[in-house]
Structure formats: structure tokens, C-alpha cells
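Quick note on labels: first sequence line is chain A, next is B, and so on, each numbered from 1.
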Protein chains: 2
Amino acid sequence: MRLSAPEKLRVHTATIKSVAKAAGVSTATVSRVLTGTDLVGDELRERVLKVVQKLNYQPNRMARGLRGGQRRMIGVIIPDLQNPFLTGVVHGVEAVLYEAGYTLVLGHSGGFPEREQAHLTGLRAEGAAGLILVPDNGDGANYAALAAWEIPVVAVDRVPKGLKVDLVSTDHYEGARQAVAHLISDGYRDIALINGPDGFSVTRERLAGYREALSQAKIPLREAYVIHSDFRQLGGAAAMNQLLDLPKPPQAVLVGNNLMTLGALEAAHKRRVRIPEDLGIVGFDDMPWAASLRPALTVIAQPIEELGRVAARLLLDRLAGKHRPVKQVILPPKLIVRASCGSHPA
Amino acid sequence: MRLSAPEKLRVHTATIKSVAKAAGVSTATVSRVLTGTDLVGDELRERVLKVVQKLNYQPNRMARGLRGGQRRMIGVIIPDLQNPFLTGVVHGVEAVLYEAGYTLVLGHSGGFPEREQAHLTGLRAEGAAGLILVPDNGDGANYAALAAWEIPVVAVDRVPKGLKVDLVSTDHYEGARQAVAHLISDGYRDIALINGPDGFSVTRERLAGYREALSQAKIPLREAYVIHSDFRQLGGAAAMNQLLDLPKPPQAVLVGNNLMTLGALEAAHKRRVRIPEDLGIVGFDDMPWAASLRPALTVIAQPIEELGRVAARLLLDRLAGKHRPVKQVILPPKLIVRASCGSHPA
DNA sequence: ATGAAAGCGCTAACAT
DNA sequence: ATGTTAGCGCTTTCAT
């Protein structure tokens, strides 16, 4: 698709040339005034500034970038714009990046590897200085090109397949272990796990934590109690239904993210399961609505914004030219006990 | 802040020149092959494509844009990245824009007018082809510059001060009217409104709808029942507390957005107010968690993604060069009755 | 301290 | 059908 009138569409904007002419100086002087790279006499500086003001002149970033200048743009790619965990991370990233004078460009893949790819190549063409990535569940082919493209990359929450980069993540193993241990101490024994999709690092780690807590309490693991869902609300509901349809339904469930928890809760309500009497629930992520749910939700809270802030700082370090080995920062989760699980009448 | 080693940082990337040399053709031929503007002989085309592949060449968008080419980037600015209503709108925008081959660059102001300003000038420098804007509550000074900058702009949800542009919005007047009328039909008479901040168009319209419904039922409006809050969770809680502290607290409340509703609900729970027996609640926006709240929430649902889609289409029209007068598209809201209001024992 | 001029990577007008 | 070249708006030597 081409624009209909490419020529006419050109907006008449002030350029460095028009400013120079109006101020009666050379373009170099204007550039110097604006970038502050070199001293300019007070009189000329004044004149230039005045004209810039009057013409509402704004240097063209493309032209600037072209001349080999510093790139001040950071790409951030997340799989889902509507997942509050992810937007929370972005919020943290931005707080730090903005402070450091970088612009953030946000892309999201919506679960389509080709979109992630499109954003990747787009950001490259746009000259992004660095990349913060919450990897989607592709086969890693996406990242092959990224490896060749030598800009700093930091991954958040999940390990990108086939890419050796810095990683910031919560300790999902410990989170799952704590949650299940808490449920056990409440008297629940038949405990299920609604986990993320197969293939994610988070998914593996949570499963490991779940196993550990069970084995610690000498409770055998039942395959039917571990379900792989899709991080989405509908998936959570489907998983819960599947569990409740079992000949021997679980007494408690640990759900692997915020949206799936919402779905699971809804499904339980529909079937008139009483929580926490008939079924205890612990969810991952403490969301603004967690306390207002029916019943108020016990959660494993991740330090969401901190994940983003740390990721941004790691990137800034690399951007500053620090060469150090690839690093993993693992932040601790926190159990927040509310009303969705309680003493089980075992 | 300057990068420490600007020179060394330049990533060695294939350019059109290196491709041309490697393929033994001129740069013009490479350009022609890649843009498809002109026919190129099969043999050369083959050769070029092969080299492009091998060198993993990616045309530099900045250089392209600089040459007066079409701009394919659309800026989207929202006040709050963490408000699911807003991310829902962006989702709708993107669906359409992506289809049309545009890239979306997302910025958010976080309630700071200077950040909105920064994004505006940034997008301008970056050469954005158009802008979709959910205005923040500034004094309109931000948009003065925007008016001079002659690119298409579409506003969503709120009327930007001092800017005459296309607008897409829900019928907030009708939404508020319906909600209050429903509460009245349920037997509630003392009905409060937790509204948005003063100065927003939405705020005015909802107040008008609220007034209309009351006057229709011949219920006098009480000033103390109308509270201006801030669209955030804490604000909603504070407003609810203020209402419940009144000598004569309301029997029902209409809350002006999703996050404030969460806060209001939490505050009511803390004070052990029974809903809907003691207090009926209707909230704006149907969110994924609305049905799982305690109690399930009656809401005025906005066609969130549709708002975004329509906005994107309006922008695409203008981008295609269609000149038509400024237009307002007002979409209908929908009342969804759940359990947070019910027959009131009047 | 200031100006002239080269050149960033690319496309398009002009040659051939 | 292909190559040569000018120039997009800017920064940055290199002169002066």
C-alpha cells in the first residue's frame, strides 16, 4: 500500500537550513547551538535560539541518527499488552529509562511469532540502541537474527530460547514451593497446579517448586493434577473445569498467573464450589483487584515494577559500554495470605 | 548524558553499498530490487536477493525516511499504560493499523503534561505520519504546537482542549443516565456519583446523564453526592469513604471508571457495608474481573476495542488524503446487570 | 568563534 | 534494463 500523494504530503517544516538563513548564520552554527557540542558566541547563540523559537524548529531525528549519532531509543517487546503483569514491568522499565534520557518504543506480539519478528526487524531498522524483551513462546528462530545484530538485550521473566543474554526474573521455583507448602500447612493434601504453556522456563520452574513442596510433605504427585494452560482467562476456566471433572477433584489449586486465576475463579463460582471450604486457591501475581475478589485472593506476589527497573538498569550498564559476563538477577516472591485458602476440614 | 564511546558503538551493519559491491551492481539496482519500484532483470535480481540474504541486510529506515519517503509510523499516546480500558483501546487501534501496514509507537504520559509534550515532540522528530491521542487533563498548552504541526490526529474518549480533531467516544451521557435509571428502578433513591476529575469532557457528560435520570424521577440532586475523584483506585476508595461518612450516606453509587470501582468496593468491604442490600453499586467499564468480584459487578460496558478500531480507521481515512470536516463518532454503551445492585428494601 | 564542505544510507531523477 | 548522481537534514571535520 502506498500513500496516494507522497509528494504533496510533505509537511512544510522548518529545517536547519531555513533556521540558518533566517538567523544569518551557517547551518553548522545552528547545529552547534542546539547540540551544545561547541561554544558559540553569545550574540549568535541568542539570534539562533530566537529564530528556533519563532519557527518552532525541531531537529529531524532521522537525519540526526543517520549521521552516526547516538541512538536514544530502546525497544521493549512484550507478548501481551493487556496483561497487567507485563504493563507493570514496562512501567518499571520506563521509570528508569526516562530518567536516563532514553525514549521507549513499545511493541507487542500478541502471541504471534511473526509479529515479534516484525517488531524486531522494525526496531533494528529504526536504529534502536538496546532491547528489553519478554520472550514469547516461539521456537527461538526469531532470536537467531537478533544474536547477529550486536546490540544489548535484556530478557525479563522468561529465558529466550537460543539467546544468551541478561535475565531478570522472579524466583518462580520458590514462589510455587511456598504457595504449595502454605496450602499443605492449611490441611489441603490433594493439590493441583494450573501451569503456563509447556516450553516456558517459568512453567518448568514452577512445576519444580510444586514437586518439591509435595515431596517434602511426602505427598505423591498425581499427573492429572498438573495442567498446562495458556496464561489467559479462558484457559484458566477450562483448566479448572477439567480439574473439577476429575473422579477425585483436588482440594486446592495453585494457578500460574493473574488472568488464569480470574478464569479459574469464575469457573468455580459457576459450579457453586465453595472457596475456601471446598477448594483452596492461591494465584500468582498480586493485582489491584485481588483483594476485592470473591473471596479475597491469596497470592504469590512478584515484584513487578522492580523487575522492569532492574532490567532497565542492566541495559543501561551495557549501553555504557560495560563488558561483563551474562548475568541473571532473580528476585524473591512474596506470599500474601488472604481468604481464598484456609484451614481445610481434612 | 552522552554515550561513552559513540564511535566505537557503531554496529557494523550491511549497507546498500556493501550489498551493491558484493553483488557487483549499482546501489540503485539494489534499491530497485528491494522497493520494487522498477523492473530489474531476473539475473541481477537473483544475485542481489542472494547477497541480501547472506549479509542479512536490512534497509535503514532513517535513511529511507529522510529521502522524503512515506512515513509508516503512527504515534499513540495514552495517559496511563496500566489502565486496562486504555490498553484495550490500543489493542483495537493496533488491529487495524497493523493490517494497513503501519507501525505503532506507543507513549504514555502517566499524568505528567510534560511527558505528553515530550512524546509529542519526539514523535514529530521521528516523523510520525499520524497521531491517536487519549488526551490527559492538561490546560491545552500541549496541543497548541500540535495544531501547527499538520498531521492527522484522532482523539479517543476525551475532547482535547483547544484542538479541533476527529473524536471517537462512548456516549457517556447515555451510559450514566441508564445506570442511574436502573438503580432507581431497583428502588434506590439516594444515589451518588463518583466522577472523574473536573475538566474532562467525560466527567461533564456523565454528570449530565446522572442529573437527567434523577430529574426524570423527580429526585432532587444533592451536591454532597457528587464527588470528583481521579480515575485511580486510591481515589475511588477515598471517595467511597467520604460518601459513607456523610450524615445521610447514599443507598447506591455509580462509579466513573474501572479502577475507582475497585477502590470503592474495597473501601465498602472494609467498613462491612453489605452490597447490594445496604449499598448498590454500578461501575463504568466491563473488565475481565468484573464477574468475579464480591459481588459480581453491574456495569456500564463501553465498546473498548471498537473505540480503538474506529479511531484507527478515521486516521487511515485522513492519511489517504480524504478531506472532510472534523467528525465525532459516538458509540453506544451497554448496561450489564449482575449482582452488585438489586431490589432495594425502600 | 565561525563557515565551508563532506558524508551518513538511501531513493529518484536523469542518463545511457 | 542498468548505472550515475543529486540531495533528503543533519553533524562534524577541516579550514579560516
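Of the candidate nucleotides D:dC10, D:dT2, C:dT11, C:dT11 has the atom nearest to the side chain of B:T35. Proximity note for A:S26 (side chain, C-beta onward) versus C:dT11, C:dG3, D:dG9: the nearest is C:dG3. Listed nucleotides D:dC8, D:dC10, C:dA1 differ in distance to A:A63; the shortest reach to its side chain belongs to D:dC10. Closest approach to the B:R32 side chain among C:dT2, C:dA13, C:dG9 is made by C:dA13 (side chain taken as heavy atoms from C-beta onward). Comparing atom distances between the A:A28 side chain and each of D:dC8, D:dC10, D:dT12 picks out D:dT12 as nearest. The side chain of A:P59 lies closest to D:dC10, out of C:dG9, D:dT4, D:dC10.
A straight line from CG of A:L66 to P of D:dT12 spans 13 Å, rounded to a whole angstrom. A straight line from CG of B:D38 to C1' of D:dT2 spans 10 Å, rounded to a whole angstrom. Counting to the nearest Å, the P atom of D:dT2 and the CZ atom of B:R45 are 10 Å from each other. Rounded to an integer number of Å, the gap from CZ of A:R124 to C1' of C:dG9 is 14 Å. Rounding to whole angstrom units, CG of residue A:L39 and P of C:dT2 are separated by 9 Å. The CD1 atom of A:I16 sits 16 Å away from the P atom of C:dA5 (whole-angstrom rounding). Taking atom CG of residue A:N60 and atom C1' of nucleotide C:dC10, one finds them 14 Å apart after rounding to whole Å. Going from atom NZ of B:K21 over to atom P of D:dT4 covers 14 Å, rounded to whole Å.
The NE2 atom of A:H91 lies 14.0 Å from the CG atom of A:L86; values are rounded to the nearest 0.5 Å. In this structure, CD1 on B:I78 lies 11.0 Å from CD on B:E116, to the nearest 0.5 angstrom.
Between B:L106 and A:L81 the shortest side-chain heavy-atom distance falls below 4.5 Å.
A close approach under 4.0 Å does occur between a side-chain nitrogen or oxygen of B:R64 and OP1 or OP2 of C:dT11. Phosphate contact (OP1/OP2 of C:dG3, side-chain N/O of A:T29, threshold under 4.0 Å): present. Applying the 4.0 Å criterion to OP1 and OP2 of C:dG9, one finds that B:T15 has every side-chain N and O outside that range.
Between A:K17 and A:V30, it is A:K17 whose nearest contact on DNA chain D lies nearer the 5' terminus. Each of A:V40 and B:T27 was assigned the nucleotide of DNA chain C with the nearest heavy atom; the assignment lying further toward the 5' end belongs to A:V40. Mapping A:D42 and B:Q58 onto DNA chain C by nearest heavy atom places A:D42 closer to the 5' end of the strand.
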Worksheet item: For B:R45 and B:V25, what are the C-alpha separation, side-chain angles and deciding distance, and is it a side chain to side chain contact (heavy atoms under 4.5 Å, CB included)?
Response: CA-CA 10 Å; B:R45 138 174 271 103; B:V25 298; over 6 Å; no
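In this structure, A:A129 and A:P152 approach most closely via the heavy-atom pair O-CD, 3.4 Å.
Residues A:D166 and A:R324 are paired through a salt bridge, judged by an N-O separation under 4.0 Å between the basic side chain and the carboxylate.
Evaluation of atom-type donor-acceptor distances gives no pair under 3.5 Å for the side chain of A:R61 against the base of D:dG9.
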